[in-house]
K.L.:
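Have a look at the structure that comes next, please.
We name chains A, B, ... by the order of the sequence lines, and we start the count at 1 in each one. Remember, predicted model here, so these are calculated numbers, not experimental data.
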Amino acid sequence: MNTPRQELEARVARAVAALFSSPPLGPYVRPCPDTRHGDFQTNAAMVHGRTSQRNPREVAEELRAALDLDGIAEPAEIAGPGFLNFRLSSDYLNRQVTERWDDRRLGVAGVARPETVVIDYSGPNIAKEMHVGHLRSTILGDALARIYTFLGHNVIADNHLGDWGTSFGMILLGYKREGNAEKLELDPFGHLETIYQKIQAEAKADETVREAARHELVLLQQGDPVNRALWEKFLHFSIAALEMMYQRLGVQFDHQLGESFYNNMLAGVVKEMIEKGIARPSEGAIAIFSDGKLPPRDDPFLIFRKEDGESEGRFVDNPILIQKSDGGFNYATTDLATIRYRHDHFKAERVLYVVGAPQQMHFRQIFNAAERWGYGMMRLEHVAFGTILGPDKKPFKSRSGENIKLRALLAEAEERAGRIVGEKRPELNDHERVALARVVGLGALKYADLAQNRTLDYVFSWDKLLAFDGNTAPYLQNAYVRIRAIFRKAGLAEAEPAKVHLTEPAELALGRKLLDFADSIFLAAEENRPHFICNYLFELATLFHKFYELCPVLTSEAAVRSSRLLLADLTAKTLREGLQLLGIDVVEQM
RNA sequence: GCUCCCAUAGCUUAACGGAUAAAGCAGCGGUCUUCUAAACCGCAGAGUGUUGGUUCGAUUCCAACUGGGAGCGCCA
C-alpha cells in the first residue's frame, strides 16, 4: 500500500517525464509545512523551470495540465513562486483510512529487497554495572532492530559484550587476592567493580602490581585453566545479571558474541593483514597505514600536523594498531575479525554500529581497512550518538564513581511514575500501581532518549529523562488509553467494519495524518533516526486529542458513530504499533 | 595544530533546499453535569552564533571566523 506521498510522487514523476527531457530531479512531493496550503506540495515546476530557464509559474501550469490526480486529490493549485498544492480528495481519504484499518500492517509496506542487517548495540562491559552511558546505545539499537524487522529486513541483533581485554588482568589479580565467590554470585558487577577500583589504585602507585596484572592477562590469553575458569565464572554471573536488566528494559538480542568470542581468530587476522600488505610492523607493533588511495584530507589513516616552529603543516601517518609490541591484540583487531565473521557466518549485507560519536575516527579507519581487506560489498555504518554530560557539561566519567547506574535510573523512573499513578488512580492496589508505573516510567525514559536527534549531546537530568508532560511517552500512552476507554464503554473490543465518512476539520486532519505513518518509518530507517517516528506519533496524538475534544463518538448518530469508531480504532492501533517500534508498551487504562 | 560534531524563543528541542521558522517546558489567562483534565483552548515569547558566497528561494549547501565539545600509537 502506497502512502499518499508515494502515490503523488509517482504521479508527479510520470507527468515530469512526459514533459521534460531532463532526468528526474525528485523527490518532488513533501507534506505542506502549513496545512492551510494543502496536504502535500511539489516543487517540481520550480526545479525544472530552472533547468529549462523558464518561468516556474508557467511550467507549473503545464505540469498541472499533465498531472493525473484521478482518485487521489482535488485539482492542484498553483501558489507562491510555483508550488503545486494538493488536497487529498475526501473519497480517497475515506477509502484509505478504511483500507489501513483493514490491514494488519496499517498500510506500511515492507521493503522491496530485504537485507540481512546486523545491528550491534548495547555492548556493556561484563565487569561493570550498566550505567546511563549504555542507555542510548541500548535503547536506540533496540528501536532500530524493531524498525528494520517491521520493514521486513532480516535483522540480527548482536550484543558485542566487552568481556575481554586488559582490564581482566587487573580483575583476575584483584579477585585472587580478595575475591569472594558468594559476593560474585549475588552482585557480580558490584563485586568486580570494587575489586577493579581497588587494584587499579594499587597499580597506579606500584609497578609490581602492574606487572602482576599483565602476567595474569597473559595467562588468561594463553588459556591457563585457573584464570580461564575464573573468567568464565565472571562471565556467567555477569551475563545473568545483564539478562535481568535487559528483561526489565524489554530489550532482546539474537546473539551475544562478545570480544572473547573472536579471540582465537585474531592472530589469523593479523597474519592475513600482513600478507595482503595492508598492515606492517612499526615500532615493535603491527599497524595498518594509509594505502594512499584517498585524498589525504579524506584518508582516515592520515592526519594533518603542524609542529611548533614549522611554517607549513604536512600529512603524517595516523595508523591503527592491530597487534601490540607485547604480542597482545587491540580492539581494532577484534572489530576486523567481527566484520569477517558477520560476513562469512551471518551473510550480513549491512552492519549498523550503534556506538557513541567519540569513536568516529576509529570506525572510519576500521571501515576503510575492511574495504581494503575485501569486505567492500558490506555496508558498514556507524550510527553515532552524542554523549550524556554531567552537570558540569563534561562527559560522565566512569572513574569518578558518580556515574548513574541504569538500575537506579529505572528505579527512579518507576518510583516517580508510581507517585503520579497513585495520585491519578487512588483506587488501584499496590500490584496494579507498580505494574502501571513500570510501563509509564520505562516508556518515559526510553522516549526521552529517542525523541531527539541522536547526534546531540545532552546534559543528564532526572527531570528531563523522566518527564511525564508534553512530548513524552505518557502523552502518547494517554491518547491510546482514551481511545480504549471509548471502546470499553461501547462494549466493543475494536471497531466494526463501517463506511468511513470524515467531515469535521478535526476528523479530517486526524484521518490525513493516519495515512502518513509509513512515511515516518521509512524516514526513520533511512536516517537511522527513530525520532522521526516520535515526531509523527506526537503529532498524531495531538490531533487525536483535538478530535476527542470536538467530536463526540458514542453519542453521535449511527453512521457518524461507526465512522468515528473506526477512525479512533485506527488511531489506537497506529499509536500502539508506533510505540512498539520504539520499544514502548501501551496499557488499557492509566 | 589537525579532523569530526554542535550552535534556532528564558530552557530543551523540531523543521526531508522552499511559502508568515514549529513544538514542548517554564510564565500568564480560560475549560471537567457530557467517551479518563496525564487533556484541551487562548496570550506572550526567536528571525536561526558572525561575515560572505551559491540559488528565483538558505535554519538547511559552500567558505572563513567566533564559541562549546570530542578524538588524534600500543585502553575500549
K.L.:
Rounding to an integer number of angstrom, what distance separates B:C11 and B:A19 when you compare their P atoms?
P.N.:
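Those two atoms are separated by 25 Å.
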K.L.:
Which whole number of Å gives the distance between the P atom of B:A63 and that of B:U54?
P.N.:
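My reading of the P atoms in B:A63 and B:U54 gives 15 Å.
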K.L.:
Sort out the partner of B:C72 for me: Watson-Crick or G-U wobble, both distances under 3.5 Å, none otherwise.
P.N.:
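When the pairing criteria are applied, B:G1 turns out to be the nucleotide that pairs with B:C72.
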K.L.:
Counting only Watson-Crick or G-U wobble pairs whose two distances fall under 3.5 Å, which nucleotide matches B:C11?
P.N.:
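Partner of B:C11: B:G24.
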K.L.:
B:C16 and B:G68: how far apart are their P atoms, nearest whole angstrom?
P.N.:
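That atom pair is separated by 29 Å.
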K.L.:
Quick one: look up who B:C40 pairs with, Watson-Crick or G-U, both distances under 3.5 Å, and put none if it's unpaired.
P.N.:
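B:G30 - that is the nucleotide pairing with B:C40, both distances being under 3.5 Å.
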K.L.:
Rounded to whole angstrom, note down the C1' distance from B:U55 over to B:C62.
P.N.:
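Here B:U55 and B:C62 have their C1' atoms 12 Å from each other.
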K.L.:
Can a salt bridge be assigned to the pair A:K128 and A:E193 using a cut-off of 4.0 Å between side-chain N and carboxylate O?
P.N.:
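Looking at A:E193 together with A:K128, the answer is no, because their closest N to O distance does not fall below 4.0 Å.
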K.L.:
Rounding to an integer number of angstrom, what distance separates B:A9 and B:U50 when you compare their P atoms?
P.N.:
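Each nucleotide's P atom is 11 Å from the other's.
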K.L.:
If you measure from the P atom in B:A15 to the same atom in B:C61, how many Å do you get, rounded?
P.N.:
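The answer is 12 Å between these two P atoms.
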K.L.:
When you compare the ring of A:H531 with the six-membered ring of B:A14's base, are the centres less than 5.5 Å apart and the planes under 30° from each other?
P.N.:
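Taking the rule of under 5.5 Å and under 30°, the ring of A:H531 does not stack on B:A14.
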K.L.:
Once hydrogens and angles are ignored, does a donor-acceptor distance under 3.5 Å link the base of B:G1 to the side chain of A:R314?
P.N.:
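Checked by distance alone, the answer is no.
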K.L.:
Based on the glycosidic angle (syn within 90° of 0, else anti), state the conformation of B:C28.
P.N.:
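Anti.
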K.L.:
Tell me: CZ of A:F487 to P of B:U36, nearest whole Å?
P.N.:
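The distance from CZ of A:F487 to P of B:U36 comes to 12 Å, rounded to the nearest Å.
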K.L.:
Is the backbone N or O of A:C534 less than 3.5 Å from a side-chain atom of A:Y447, with the two atoms forming a donor-acceptor pair by type?
P.N.:
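Yes.
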K.L.:
Is it the case that the side chains of A:T455 and A:N453 hold a donor-acceptor pair, with the cut-off being a distance below 3.5 Å and no angle test?
P.N.:
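Result is yes, a qualifying pair exists.
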K.L.:
On a whole-Å scale, what distance lies between the P atoms belonging to B:C25 and B:G18?
P.N.:
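28 Å, rounded to whole Å.
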K.L.:
Which one is paired to B:C65, where only Watson-Crick or G-U wobble pairs with both distances under 3.5 angstrom count?
P.N.:
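In the structure as shown, B:C65 has B:G49 as its Watson-Crick or wobble partner.
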K.L.:
Looking across every strand, which nucleic acid part, if any, lies under 4.0 Å from A:H362 by heavy atom: base, sugar-phosphate, or nothing?
P.N.:
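It contacts nothing in the nucleic acid.
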K.L.:
Take the protein atom OH of A:Y28 and the nucleotide atom C1' of B:G18, then report the distance between them rounded to whole Å.
P.N.:
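Atom-to-atom, A:Y28 to B:G18, this comes out as 16 Å.
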K.L.:
Once hydrogens and angles are ignored, does a donor-acceptor distance under 3.5 Å link the base of B:A19 to the side chain of A:Q41?
P.N.:
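Per atom types, the contact qualifies.
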K.L.:
If we call it a pair only when both distances are under 3.5 Å in a Watson-Crick or G-U wobble match, what pairs with B:G17?
P.N.:
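Partner of B:G17: none.
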K.L.:
Is there a donor-acceptor pair under 3.5 Å between the side chain of A:Q323 and the backbone N or O of A:A287?
P.N.:
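Side chain of A:Q323 to backbone of A:A287: no pair is present.
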K.L.:
For the pair A:S282 (side chain) and A:A285 (backbone), establish whether a donor and an acceptor sit closer than 3.5 Å, ignoring hydrogens and angles.
P.N.:
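Not confirmed, A:S282 side chain does not pair with A:A285 backbone.
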K.L.:
Quick one: the side chain of A:R5 and the base of B:C16, do they pair up donor-acceptor inside 3.5 Å?
P.N.:
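Under the 3.5 Å cut-off, the side chain and the base do form a donor-acceptor pair.
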K.L.:
Whether the side chain of A:T387 and the base of B:G69 hold a donor-acceptor pair under 3.5 Å is what I'd like checked.
P.N.:
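In this structure, the two groups form no donor-acceptor pair.
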K.L.:
Hey, is A:F83 doing a stacking thing with B:A19, by the 5.5 Å centroid and 30° angle criteria?
P.N.:
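So yes, this residue stacks on that base, both cut-offs being met.
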K.L.:
Let's test your reading of the model: under 3.5 Å, does the base of B:G69 pair with the side chain of A:D457 as donor and acceptor?
P.N.:
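Absent.
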K.L.:
Between the base of B:A76 and the side chain of A:D335, is there a donor and acceptor pair under 3.5 angstrom?
P.N.:
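Result: no qualifying N/O pair found.
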K.L.:
With ring centroids as reference points, do A:H160 and A:Y262 lie under 6.0 angstrom apart?
P.N.:
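Yes, close enough.
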